[in-house]
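As structure tokens, the structure follows; a few thoughts come after it.
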Amino acid sequence: MQVYLTFDPPGRAREMLEQRFEVAGWAGPGFAPPEALHDHLPDASGLYCTITTPVTEALLDLAPDLRVISQCAVGVNNIDLDACARRGIKVGHTPDVLTETTADTAFALILAGSRRFREGIDYVRDGRWESFDMNLLIGGDVHHSTLGIVGMGRIGTAIAHRAAGFAMQVIYTSRSEALTPYGRRVELESLLAAADHVVLAVPLTEETTGLINADRLRAMKPTAGIVNVSRGPVIVTDALVQALQEGWIRYAALDVTDPEPLPGTHPLLALPNCLVLPHLGSSSSQTRAAMAELAAANLIAGLTGGDMPARIA
Ligand code: GLV
């Protein structure tokens with residue numbers, strides 16, 4: 001059986017796959033371009049990919065023998081799951097192994113955004129630091145503040161766990177009625193009105209696309225900030241630019257953006273109160289290897305008749 005890898009995976013993933021299958025894969029930097037997919041998908045039984053490959057009906061048409069798609073990410077918004085279901089293609093993903101690392105990223109963004117670290121780093125780098133200054137780059141406190149988590153799933157819960165160490169009050173929205181050990185479940189409007197830091201940890205769905213629009217940004221406190229570790233399109237980017245320019249909110253700290261990648265000339269990048277990372281949420285050596293290996297295990301089980309450790313569809 002042949003499997004196609006759209007990127008060079010870290011850890012032992014390739015070795016695991018090579019022990020069982022004929023492996024073809026994109027070896028260059030980044031990820032497989034459309035021409036490579038056109039060349040390899042016609043013979044592939046398995047596709048090992050990540051968020052950079054839009055798995056559409058048209059792509060599936062290229063792959064008549066495809067039986068399993070293994071996504072090396074927890075989010076699967078790049079995959080048309082209905083089209084996969086119609087063709088009987090199983091889909092795996094990588095939940096759990098990245099939860100704690102992504103929660104670390106969210107917390108780093110809360111701290112860096114709130115305490116204006118981007119501006120501080122620029123200040124030193126630009127040679128403007130001449131003396132200690134009691135009034136320099138004063139930010140907002142994180143400890144004892146109110147954290148609003150939009151989406152209390154696995155990652156949201158891990159963020160709330162960290163917030164306890166900072167003596168923060170946690171409020172959250174959740175689709176599920178089930179209570180978590182942390183904080184108080186509220187409606188989105190109350191969360192936006194009360195939180196000092198709003199963290200987005202929802203999956204991207206039809207319902208969450210554009211969730212944080214101009215009205216919702218205006219509903220936040222002018223001293224509050226927003227952190228996004230979910231997907232860029234959860235925030236309406238133009239509205240966020242206006243919110244930061246006009247002081248509707250104090251800061252934004254984003255691991256994900258819309259569009260992604262964000263062009264170097266984008267207005268968000270010119271705003272001192274906005275900090276942008278290139279989608280590094282799960283990017284620790286341990287976690288990226290664990291994701292790659294879980295994705296390999298999903299593909300192996302899916303193609304050899306076993307139970308996929310993390311099947312989403
Ligand atoms: C990364 O964004 C993921 O969904 O794992």
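Scope of the values below: all heavy atoms of this structure, side chains included, with no hydrogens, waters or symmetry mates. In each ligand, atom 1 is the first atom listed, and ligand 1 is the first ligand listed.
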*Under 3.5 Å between some N or O of ligand 1 and some N or O of R231?*
yes

*Pull out every atom of ligand 1 sitting under 4.0 Å from any heavy atom of A73, numbered as shown with elements.*
3 (C), 4 (O), 5 (O)

*Between V74 and M291, is any pair of side-chain heavy atoms under 4.5 Å apart?*
no

_Within ligand 1, which atoms have a heavy atom of L98 less than 4.0 Å away?_
5 (O)

*For H279 and ligand 1, answer yes if some heavy atom of the residue is under 4.0 Å from a ligand atom, otherwise no.*
yes

*For the residue pair M220 and G225, what are the closest heavy atoms and their distance?*
CE-O, 3.5 Å

*Report the part of T102 in contact with ligand 1, treating N, CA, C, O as backbone and CB onward as side chain, heavy atoms under 4.0 Å; options are side chain, backbone, both, neither.*
neither

_Contacts of H161 that satisfy ring pair (Phe, Tyr, Trp, His ring centres under 6.0 Å) - sequence neighbours left out_ = Y182

*Not counting sequence neighbours, which residues clear ring pair (Phe, Tyr, Trp, His ring centres under 6.0 Å) with F7? List them please.*
Y48

*Which atoms of ligand 1 sit under 4.0 Å from any heavy atom of G75?*
3 (C), 4 (O)

*So which protein heavy atom does atom 5 (O) of ligand 1 come closest to, and at what separation?*
V74 N, 2.8 Å

*Distance-only side-chain donor-acceptor flag, R311 / N298, under 3.5 Å*: no

*Could you tell me whether a side-chain N or O of E119 sits under 3.5 Å from a main-chain N or O of R116, the two making a donor and an acceptor?*
no

